[in-house]
Enquirer: 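Could you have a look at this structure, given as structure tokens, before my questions?
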Amino acid sequence: MTLTENYDHKEVEKKWIKEWEKQDIYKFNPTSKKPIFSIDTPPPYASAGHLHVGHALHYTQFEIVARVMRQLGMNVYFPPGFDDNGLPTEKYVEEKLNINKAKTNRARFREICLKESKKVEDLYSKNVFKRLGHSYDWNLLYTTISPEAQKVTQTVFLKLVKKGDCYRKEEPTIWCPHHETALAQAEVEDLKRTTKLSYINFDMKDSKEKITIATTRPEFLPACVGIFVHPDDKKYKKLIGKEVIVPLFKHKVKIMEDETVDKEFGTGMMMTCTFGDNSDIEKWKKYKLELRSILNKDGTLNKLSGKYEGIKSEQARKQIMEELEKEKRIKKQENIQQTVGSCWRCNTPVEYIITKQWFIKTLCHKEDLIKRGNEIKWYPEFMKTRFEDWTNNLGWDWIISRQRYYGVPIPVWYCEKCNQVIFPEEKELPVDPIETEKKCPKCSKKTKPETDVFDTWMTSSNSPEIASQWLKNPALYKRMAPMSLRPQSHDIIRTWAFYTILKSHLLFDRIPWKEVMICTYVLDPKGKGMSKSKGNAVWADEIIEKYGVDIFRYWVGTASLGSDLLFKEQELIAGRKFLTKLWNASRFVFMHLKNYKDEKPKKLELIDEYMLCRLSKLVEFATKKYRKYDIAEAKKMVENFFWHDFCDNYLEIIKDRLYNEERKKEGKISAQHTIKTILTTLLKLMAPITPFITEEIYQHLNQCEEKLSTVDCKSTPAYKIGSPCKSIHTSEWPKLMVKLNSSLEEAGQMFTEILSEVRKYKAKNNLSMKTEIGLTLTKKSQALLMPFLEDLQAVTKAKEIVFNEKFSIKKI
RNA sequence: GGGCUCGUGGUCUAGCGGCUAUGACAUCACCCUUACAAGGUGGAGGUCGGGUGUUCAAAUCACCCCGGGCCCACCA
């Protein structure tokens, strides 16, 4: 039972990764009677080659929770997943393999995607999750493009259609001209830019007067369907109801009034086009205006724009401006700051195009969803507000169809003759309508398959159902639902959390999970978000290579939930120091357990009992913190006890008992028993955070021992540290029933205070710590300190101790 | 423009009505002490972003302001 002089993290990591996998220690046991703790794991996109420290922190943070719950005696259901469905995979395959999806059929393209994502996922599991020591049950692995996930998605779709919560409608939708697909509100991000505001003169139809409107998008002139002014704007009052002629395109539109017009912006007169922006859509609906769609799906103008047909809108804008210039219609131009919506993946400004799409109702469920949000416990609490704000501010139903190649197909057909929408039976699922022919049940004519696929969130929002095997194993699912915990980051509260809560509400009339944990968000040292494109990403594998997994995880353990954490490499040093200290302290303990046969001391020395009581208290507090996912606080408490109470004080105190042959053997046994108990307990408390080093030490500690003892004496009746296990990670959490009695506490504290005073005295006088001194203690403390005297004398190197009025230390 | 959140020694962090404001890293001094110099002991370093108020008492509560971050709205 010895440890090597230096801790070799690489060796130890390699060994235990292999061993844990071999023994399958994280396997979920469906027959166990323990309470289930199920985690709705965020499945990462596996398309990125490697991941930065922020991602690694995120996944490790809730992995620590999984370990805590496992050790606390829960039957942990912790499935790994990959999100390999949708745009990122499609893009990755197109770019990496240089495949043009337009020239490949969907089945073939999907095959390539599947093969490619499988490759990346294998690499990812090995290089990231397993490397970080993550305790997933790999038997439960799921992917979002798997037939099972597709079946879940399509089944949910059919059920929602049946319920009336899912419908198809021709609507103006947010459109990405680059990806050529509809987007949900949640997929739109802000893009700030400077643009030109042009003041353009329009002719009135019935008079020589001219009016001027200001617009940033003159290329939308052919789509102009109305002019609006504010009802209180005196300048324009008399013009309301009159008609104007749209320059260049010569069609006539009416001047109308609407309260949303800002009198101060531009000329206070705005044109409404179908569709330049959101407010255009509102007015178009509100006033039932004409529809003049001028955009094609790729962002070029169509034939309604006359000679500009086929030209991209940016280009058309220039040409139209030149044309207007020629007609001397431009009064002036000015630069303005503008924020436009853009596609969250490619940053292309979005357009609004009218198409037929599938939707899920959200607007009519707002109130219920907020109620659901309240049934869930949010960590930290304030993150719930984000969910509520988002829900309250929703302006659109959720559009779930996407005009993409790769993804879960929408399982419907349309009759070419009577337009009947045909759905499959649930038992046919999963199905790709492109590959399956259907006849119209009404008129038996040929049908056209739907070519759209689902929004990826349509699948992700059923992650609880996919992960806990809703269709595959209904009995298991029933035991699991609602799941215990959803860990995720705050930037996808409006998507993943929102849609999951929505789905669960609509499908099952309940919450999807009992708790949500919003993980820490990592920023670069300057406080900016990390990304590959910004070039400020710090890669996790490089950090792990340099410091080791436990040190990285130790850093993860310092993060607190819901707040941002700046990554500063020098902060990893703290972890390195801790590991070294833990290793060395363990070496010391092992040295002195050499001939220890797990004998139980007849009676514990009082200072040992005091330490065990404090240890009990530590376990109690740390467990409380861990249960609230306050990993940082738990870790700090454990570490503080370990470093100061255990190493600095206690180990010094017992050295005399361990080395000094003249002292009674009982005292040594008491010390041996205590250090073994304390070390085992501390290892268990730290195991969720630093699983490798704790396992290594734990195994050495148990190597020669058949069983660990439980203290069984009058004063400390039941300190239980559990029996040894094949792994610390499946071992029992330390239990305690030891209460600190007040006189023992007082005495123990007095002891450490005296020790600290003596050290201060020696340091002040430039004395070595072994220098012998004379110690005078107060008479008041005599009764309390008597039982500790031998230990106190030994650790302070007091040649003599006397009791008198005042406390003092003197040289001898 | 609205909401949320944060602002504590050089850096990071605890405290969220009441002892001299916690701890870590860095820094300085001393100590090679039989597990550990990747250690120990001690010191220096803070008007707790600013202001006003509530209170016997404010880092902590309220209001305002300044500064950072995030989310949303606006987007003619």
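All chains are named by letter (A, B, ...) in the order of the sequence lines, taking the proteins before the strands, and each is independently numbered beginning at 1. Computation of the quantities below employed the complete heavy-atom set of this structure, encompassing side-chain atoms and omitting hydrogens, waters and symmetry-equivalent molecules.
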Enquirer: Can Arg759(A) and Glu652(A) be counted as an ion pair, charged N to O under 4.0 angstrom?
Expert: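 Here Arg759(A) does not pair with Glu652(A) in a salt bridge, since their nearest N and O are not under 4.0 Å apart.
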Enquirer: Check the surroundings of atom NZ in Lys235(A): do more than 12 heavy atoms from other residues, nucleotides or ligands lie under 6.0 Å from it?
Expert: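 Above 12, so yes.
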Enquirer: Would Asn374(A) and Lys384(A) count as having a side-chain donor-acceptor pair, cut-off 3.5 Å?
Expert: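 Distance-only check passes for Asn374(A) and Lys384(A).
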Enquirer: Reckon Met769(A) touches a base, only the sugar-phosphate, or nothing at all at heavy-atom distances under 4.0 Å?
Expert: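 The answer is base, as Met769(A) lies within the cut-off (heavy atoms under 4.0 Å) of a base atom.
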Enquirer: Which part of the nucleic acid, if any, lies within contact of Lys581(A), taking any heavy atom under 4.0 Å across all strands shown: a base, the sugar-phosphate backbone alone, or nothing?
Expert: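 Touches a base.
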Enquirer: Considering only the C1' atoms, how many Å lie between rC65(B) and rG46(B), rounded to the nearest integer?
Expert: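 Nearest-Å result for rC65(B) against rG46(B) at atom C1': 23 Å.
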Enquirer: Would Asp608(A) and Arg657(A) pass as an ion pair if we require N to O under 4.0 Å?
Expert: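 Result for this pair is yes, salt bridge flagged.
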Enquirer: I'd like to know if Glu639(A) and Lys577(A) make a salt bridge, using a cut-off of under 4.0 Å between side-chain N and carboxylate O.
Expert: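 Not counted as a salt bridge, because no side-chain N and carboxylate O are separated by less than 4.0 Å.
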Enquirer: Are Glu189(A) and Ser342(A) close enough that a side-chain donor and a side-chain acceptor fall under 3.5 Å?
Expert: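 No - no donor-acceptor pair under 3.5 Å links their side chains.
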Enquirer: Determine the contact category for Cys647(A): base if any of its heavy atoms lies under 4.0 Å from a base atom, sugar-phosphate if only primed atoms, P, OP1 or OP2 are that close, otherwise nothing.
Expert: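 Touches a base.
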Enquirer: Can a salt bridge be assigned to the pair Asp232(A) and Lys263(A) using a cut-off of 4.0 Å between side-chain N and carboxylate O?
Expert: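 Looking at Asp232(A) and Lys263(A), the cut-off is not met.
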Enquirer: Would you sort out whether Tyr199(A) and Glu334(A) count as a side chain to side chain donor-acceptor pair (under 3.5 Å), showing the intermediate values?
Expert: CA-CA 9 Å; Tyr199(A) 290 73; Glu334(A) 54 193 37; 3.0 Å; yes
Enquirer: What's the gap between rC63(B) and rC6(B) when it is taken at their P atoms, as a whole Å value?
Expert: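 After rounding to an integer number of Å, I get 15 Å for this pair.
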Enquirer: Atom pairs under 3.5 Å, N or O on each side, protein against nucleotides 8-13 of chain B: can you list them with distances?
Expert:
unit_1	atom_1	unit_2	atom_2	d
rU11(B)	O3'	Lys568(A)	NZ	3.4

Enquirer: Rounded to whole Å, how long is the line connecting atom OH of Tyr199(A) with atom C1' of rA76(B)?
Expert: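 Nearest whole value for this atom pair: 11 Å.
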Enquirer: When you compare rU55(B) with rG50(B), how far apart are their P atoms, in angstrom units rounded to a whole number?
Expert: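 Pairwise P distance, rU55(B) against rG50(B), rounds to 23 Å.
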Enquirer: Give Trp390(A) one of three labels, base, sugar-phosphate or nothing, depending on what nucleic acid heavy atoms sit under 4.0 Å from its own.
Expert: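 It contacts sugar-phosphate atoms only.
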Enquirer: Please determine whether a side-chain nitrogen or oxygen atom of Trp643(A) lies at a distance below 4.0 Å from atom OP1 or OP2 of rG40(B).
Expert: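 For rG40(B), OP1/OP2 do have a side-chain N/O of Trp643(A) under 4.0 Å.
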Enquirer: Out of rC31(B), rC72(B), rA76(B), which nucleotide sits closest to the side chain of Asn393(A)?
Expert: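 Among the listed nucleotides, the one closest to the side chain of Asn393(A) is rC72(B).
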Enquirer: Rounded to whole angstrom units, what separation is found between the NZ atom of Lys635(A) and the P atom of rU22(B)?
Expert: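 After rounding, the gap between these two atoms is 20 Å.
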Enquirer: Taking atom C1' in both rU13(B) and rG7(B), compute the distance separating them and give it to the nearest angstrom.
Expert: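 Looking at atom C1' only, rU13(B) and rG7(B) are 13 Å apart.
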Enquirer: Quickly work out the Asn640(A) CG to rC25(B) P distance and round it to whole Å.
Expert: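 Roughly 12 Å, once rounded to whole Å.
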Enquirer: For Lys797(A) and rU41(B), what is the distance between atoms NZ and P respectively, to the nearest whole Å?
Expert: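 Distance check: Lys797(A) NZ to rU41(B) P gives 16 Å.
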Enquirer: Provide, to the nearest angstrom, the distance between the CZ atom belonging to Arg494(A) and the P atom belonging to rC4(B).
Expert: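 Value for this atom pair: 19 Å.
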Enquirer: Ring-on-base stacking between Phe265(A) and rA76(B), under 5.5 Å between centres and under 30° between planes: is it there?
Expert: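 One would call Phe265(A) stacked on the rA76(B) base.
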Enquirer: Report which part of the nucleic acid Asp648(A) touches: base, sugar-phosphate, or nothing (heavy-atom distance under 4.0 Å, all strands).
Expert: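 The residue Asp648(A) makes sugar-phosphate contact but no base contact.
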Enquirer: What distance, rounded to whole Å, do you find between the two C1' atoms, one in rC64(B) and one in rU22(B)?
Expert: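 Between the two C1' atoms, the distance is 30 Å.
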Enquirer: Work out how far the P atom of rA29(B) is from that of rC66(B), and round it to whole angstrom.
Expert: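 About 45 Å, rounded to a whole number of Å.
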Enquirer: Using atom P in both nucleotides, what's the gap between rG53(B) and rU27(B) to the nearest angstrom?
Expert: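 Going atom to atom, P in each nucleotide, I get 44 Å.
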Enquirer: What integer distance in Å separates Leu572(A):CG from rC25(B):P?
Expert: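 Roughly 14 Å, once rounded to whole Å.
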Enquirer: Give the nucleotide from the list rC71(B), rC30(B), rU5(B) with an atom nearest to the side chain of Arg386(A).
Expert: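 Closest nucleotide to the Arg386(A) side chain: rC71(B).
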Enquirer: Would you mind telling me which residue lines up with the more 5' stretch of RNA chain B, Leu523(A) or Asn6(A), judged by nearest nucleotide?
Expert: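 Taking each residue's closest nucleotide, the earlier one in sequence belongs to Asn6(A).
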Enquirer: If only side-chain N and O atoms count, and only distance matters, is there a donor-acceptor pair under 3.5 Å linking Thr558(A) with Glu571(A)?
Expert: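 No donor-acceptor contact under 3.5 Å links the two side chains.
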Enquirer: Send over the distance from Asp280(A) CG to rA76(B) C1', rounded to a whole Å.
Expert: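 Distance check: Asp280(A) CG to rA76(B) C1' gives 7 Å.
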Enquirer: Taking atom types as modelled and ignoring hydrogens, do the side chains of Tyr547(A) and Glu569(A) form a donor-acceptor contact shorter than 3.5 angstrom?
Expert: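 The answer is yes; a qualifying pair exists.
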Enquirer: Does any nucleotide pair with rA73(B) by Watson-Crick or G-U wobble geometry, both distances under 3.5 Å, and what is it?
Expert: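 Its partner is none (no Watson-Crick or G-U wobble pair with both distances under 3.5 Å).
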Enquirer: Nearest to the side chain of Val261(A), which nucleotide is it out of rC31(B), rA76(B), rC70(B)?
Expert: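 Of all the options, the side chain of Val261(A) is nearest to rA76(B).
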Enquirer: Under 4.0 Å between any heavy atoms, over every strand shown, what does Arg587(A) touch: base, sugar-phosphate, or nothing? Just pick one.
Expert: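 Sugar-phosphate, no base atom in range.
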Enquirer: Using heavy-atom distances to pick each residue's nearest nucleotide on RNA chain B, tell me which of Ile573(A) and Phe228(A) is more 5'.
Expert: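 Here Ile573(A) is the residue nearer the 5' end.
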Enquirer: Whole Å only: how far is the CG atom of Asn278(A) from the C1' atom of rC72(B)?
Expert: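 Checked: the CG to C1' distance equals 13 Å.
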Enquirer: Specify the residues of residues 213-223 of chain A, ordered by number, for which at least one heavy atom lies under 4.0 angstrom from an atom of RNA chain B.
Expert: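 Those residues whose heavy atoms fall under 4.0 Å from RNA chain B, taken from residues 213-223 of chain A in numerical order, are Ala214(A), Thr215(A), Thr216(A).
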Enquirer: What integer number of Å spans the P atoms of rC61(B) and rU8(B)?
Expert: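 So the two P atoms sit 15 Å from each other.
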Enquirer: Does rC25(B) have OP1 or OP2 sitting under 4.0 Å from an N or O in the side chain of Lys577(A)?
Expert: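 Yes, within the criterion.
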Enquirer: Check this for me, if you would: do Lys10(A) and Glu545(A) make a salt bridge, where the nitrogen-to-carboxylate-oxygen distance has to be below 4.0 angstrom?
Expert: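 Answer for the salt bridge query: yes.
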Enquirer: With a 4.5 Å limit on heavy-atom distance, are the side chains of Lys762(A) and Lys797(A) in contact?
Expert: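 Lys762(A) reaches Lys797(A) side chain to side chain.
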